[in-house]
Undergrad: 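Sharing a structure here in structure tokens format.
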There are 2 protein chains.
Amino acid sequence: MIMVIIPPMQRLTIQRQAILDLINSSNRHWDAEEVNRELSDRGQSVGIATVYRGLTALEEAGLIEGIQFYDRKRYERADKSHHDHMLCTVCGHIEEFSHEKIEALQEAIALEKDFEMTGHQLVLFGLCAVCRNASK
Amino acid sequence: MIMVIIPPMQRLTIQRQAILDLINSSNRHWDAEEVNRELSDRGQSVGIATVYRGLTALEEAGLIEGIQFYDRKRYERADKSHHDHMLCTVCGHIEEFSHEKIEALQEAIALEKDFEMTGHQLVLFGLCAVCRNASK
DNA sequence: TGTATAATGATAATGGTTATCATTCCACCC
DNA sequence: GGGTGGAATGATAACCATTATCATTATACA
């Protein structure tokens with residue numbers, strides 16, 4: 001049993017628990033629509049507005065992690081170490097990567113510019129190996 | 001007189017020329033609404049749909065550069081060397097920076113992951129110096 | 001057990017962006 | 001120089017992700 005401190009969320013309701021369990025059960029990057037559909041398919045239907053509120057609350061509580069991708073926000077498990085993303089613009093595949101040195105350089109730049117960095121977003125766009133081979 | 005090859009755009013109309021001139025005349029990062037408003041104020045009103053289409057066409061032609069910021073797309077002059085952005089989440093101020101080493105590391109990562117990178121987007125979020133001092 | 005506060009869910013609204021479509025513009029050909 | 005076809009325009013409707021509204025339901029706790 002792991003105790004977790006949940007600051008801004010008052011109640012971890014069954015709906016929010018369902019959302020959290022779903023996201024924790026996979027390595028996918030879910031958007032709100034996908035969460036809504038998948039929960040419906042599993043017979044634990046949750047209203048779309050509640051999905052949005054739940055995702056926001058869970059993110060604020062640090063239980064999941066949200067990333068703004070191009071046109072929509074996606075959420076993934078929070079128990080992974082920090083990483084950035086590369087997005088295949090053909091098939092939508094998302095690959096993760098992490099690079100300590102890039103992180104450090106960002107910190108250095110912020111410091112130099114007198115900027116108090118609260119977050120960052122690095123997304124590489126391009127073709128994944130599969131799509132590149134398919135297009136040849 | 002500088003010749004420019006314009007691949008995907010058929011016609012550089014007066015509306016598109018007005019948009020281009022506006023963006024070229026400043027260092028700002030414009031969104032469609034701002035372009036629309038500013039052109040109206042200058043008495044060269046251009047329909048909002050035309051602004052959107054024009055911005056897209058000009059970007060595809062490489063005459064301006066578009067960046068997806070958090071909630072909207074912004075456009076800036078294309079005749080600047082490549083750079084990334086830091087966005088103050090309080091006042092909206094955008095600061096530019098460029099870092100050769102980060103660029104190189106991104107290339108290396110893409111290569112390693114067998115990913116054909118066509119672009120990238122790095123935005124640092126946080127508080128600019130002014131807002132940080134104001135909040136103290 | 002009552003009460004205050006939070007969460008839910010259906011639905012309306014918002015806001016940035018794209019689609020539609022009739023009209024206008026313009027390059028090019030005879 | 002007039003005709004023609006493809007492209008662009010602009011008013012407006014539609015789209016789509018997200019947020020607000022509000023009546024109802026759930027829950028913690030005094």
Side-chain angles (χ1 to χ4, degrees), chain A residues 5-23 29-61 63-64 66-76 87 92 121 123, chain B residues 5-23 29-61 63-64 66-76 87 89 92 94 121 123:
Chain A
I5 297 162
I6 307 173
M9 186 171 41
Q10 263 66 25
R11 293 175 195 164
L12 188 53
T13 60
I14 47 169
Q15 289 89 345
R16 291 179 178 179
Q17 188 67 62
I19 295 168
L20 181 58
D21 288 347
L22 176 63
I23 290 173
H29 299 72
W30 300 82
D31 69 22
E33 203 58 55
E34 290 166 350
V35 169
N36 181 250
R37 191 161 351 104
E38 180 64 24
L39 289 180
S40 291
D41 290 352
R42 294 185 182 194
Q44 352 179 27
S45 182
V46 171
I48 186 66
T50 302
V51 169
Y52 275 101
R53 279 183 301 226
L55 288 169
T56 302
L58 290 166
E59 183 187 16
E60 283 173 353
L63 298 174
I64 60 176
I67 319 106
Q68 182 74 29
F69 272 93
Y70 179 56
D71 61 347
R72 75 194 57 210
K73 193 156 187 181
R74 292 183 173 277
Y75 295 86
E76 63 178 319
L87 171 67
Q121 197 171 283
V123 183
Chain B
I5 298 162
I6 307 174
M9 186 170 42
Q10 261 68 25
R11 293 175 195 163
L12 189 52
T13 61
I14 46 168
Q15 289 89 344
R16 290 179 179 179
Q17 188 67 62
I19 295 168
L20 180 59
D21 289 346
L22 177 63
I23 290 173
H29 299 71
W30 300 82
D31 68 21
E33 203 59 56
E34 290 166 350
V35 169
N36 180 250
R37 189 158 356 101
E38 181 63 23
L39 290 180
S40 292
D41 290 352
R42 295 185 180 194
Q44 347 178 32
S45 182
V46 171
I48 186 67
T50 303
V51 170
Y52 275 102
R53 277 181 301 226
L55 288 169
T56 302
L58 290 166
E59 183 188 14
E60 284 174 351
L63 298 175
I64 59 175
I67 320 107
Q68 181 74 29
F69 273 93
Y70 178 56
D71 60 348
R72 74 193 59 207
K73 192 155 188 181
R74 293 184 172 276
Y75 295 86
E76 63 177 320
L87 170 67
T89 51
I94 295 168
Q121 198 172 280
V123 183

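Just so it is clear, the values below take in all heavy atoms, side chains as well, and ignore hydrogens, waters and symmetry mates. Every chain is numbered from 1, with letters handed out A, B, ... down the list of sequences. Since this is a predicted model, take the numbers as computed values, not measurements.
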Undergrad: Less than 4.0 Å between a side-chain N and a carboxylate O, is that true for Lys73(A) and Glu59(A)?
TA: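 Answer for the salt bridge query: yes.
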Undergrad: May I ask you to test the Val35(A)-Val46(A) pair for a side-chain heavy-atom distance under 4.5 Å?
TA: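 Contact flag for Val35(A)/Val46(A) side chains = no.
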Undergrad: Below 4.0 angstrom from OP1 or OP2 of dG10(D), is there any side-chain N or O of Gln15(B)?
TA: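 Yes, such a contact exists.
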Undergrad: Rounded to whole Å, how long is the line connecting atom CZ of Arg37(A) with atom P of dC16(D)?
TA: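 Value for this atom pair: 13 Å.
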Undergrad: Could you tell me the separation between the CG atom of Asn36(B) and the P atom of dG15(C), rounded to a whole number of Å?
TA: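 Those two atoms, CG and P, are 16 Å apart.
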Undergrad: Among the nucleotides dT17(C), dG9(C), dA8(D), which one has an atom lying closest to any side-chain atom of Arg16(B)?
TA: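 Among the listed nucleotides, the one closest to the side chain of Arg16(B) is dA8(D).
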Undergrad: Looking at the side chain of Arg53(B), which of dG9(C), dT9(D), dA19(C) is the nearest nucleotide?
TA: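 Taking heavy atoms from C-beta onward, the closest nucleotide is dT9(D).
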Undergrad: What's the CG-P distance between Leu55(B) and dG10(D), to the nearest Å?
TA: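 After rounding, the gap between these two atoms is 13 Å.
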Undergrad: Under the side-chain contact (heavy atoms from CB on, under 4.5 Å) criterion, do Arg74(A) and Glu34(A) qualify, and how do the steps go?
TA: CA-CA 10 Å; Arg74(A) 292 183 173 277; Glu34(A) 290 166 350; 3.2 Å; yes
Undergrad: Which whole-number value in Å describes the distance from Asp31(A) CG to dC16(D) P?
TA: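 Distance check: Asp31(A) CG to dC16(D) P gives 13 Å.
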Undergrad: What is the distance from CD1 of Ile19(A) to P of dG9(C), rounded to the nearest Å?
TA: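 Nearest whole value for this atom pair: 9 Å.
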Undergrad: Separation of Gln68(A) atom CD from dA17(D) atom C1', in whole Å?
TA: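 Nearest whole value for this atom pair: 10 Å.
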Undergrad: Heavy atoms under 4.0 Å, any strand shown: does Glu33(A) hit a base, just sugar-phosphate, or nothing?
TA: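 Nothing: the residue Glu33(A), judged by heavy atoms under 4.0 Å, touches no strand.
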Undergrad: Among the candidates dT8(C), dA11(D), dA8(D), find the nucleotide nearest to the side-chain atoms of Ala49(B).
TA: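 The answer is dA11(D).
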Undergrad: Can you measure Leu58(B) atom CG to dA8(D) atom C1' for me and round it to whole angstrom units?
TA: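 That distance rounds to 13 Å.
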Undergrad: Given that Arg72(B) and Val51(A) both sit by DNA chain C, which one's nearest nucleotide is further toward the 5' end?
TA: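 Result of the comparison: Val51(A).
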Undergrad: Before accepting this row, confirm whether a basic side-chain N of the pair Arg42(A)/Glu38(A) lies closer than 4.0 Å to the acidic partner's carboxylate O.
TA: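 Counted as a salt bridge, because a side-chain N and a carboxylate O are separated by less than 4.0 Å.
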Undergrad: Measuring from the side chain of Ile48(B) (C-beta onward, heavy atoms only), which nucleotide among dT9(D), dG16(C), dT12(D) has the closest atom?
TA: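 Ranking dT9(D), dG16(C), dT12(D) by closest atom to the Ile48(B) side chain puts dT12(D) first.
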Undergrad: Picking from dC26(C), dA28(D), dT18(D), which would you name as closest to the side chain of Arg11(A)?
TA: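 The answer is dA28(D), which lies nearest to the side chain.
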Undergrad: Nearest to the side chain of Thr50(B), heavy atoms from C-beta on, is which of dG9(C), dA28(D), dG10(D)?
TA: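 The answer is dG10(D), which lies nearest to the side chain.
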Undergrad: Taking the nucleotide of DNA chain D with the nearest heavy atom to each, does Thr13(B) or Tyr52(A) sit closer to the 5' end?
TA: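 The residue closer to the strand's 5' end, by nearest nucleotide, is Thr13(B).
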Undergrad: Can you tell me how far P of dC25(C) sits from CD of Gln17(B), to the nearest Å?
TA: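 Taking atom P of dC25(C) as the reference, CD of Gln17(B) is at 18 Å.
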Undergrad: Determine the minimum heavy-atom distance between Thr50(A) and Ile19(A), stating which atoms define it.
TA: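 Distance-wise, the nearest heavy atoms are O-CD1, 4.2 Å.
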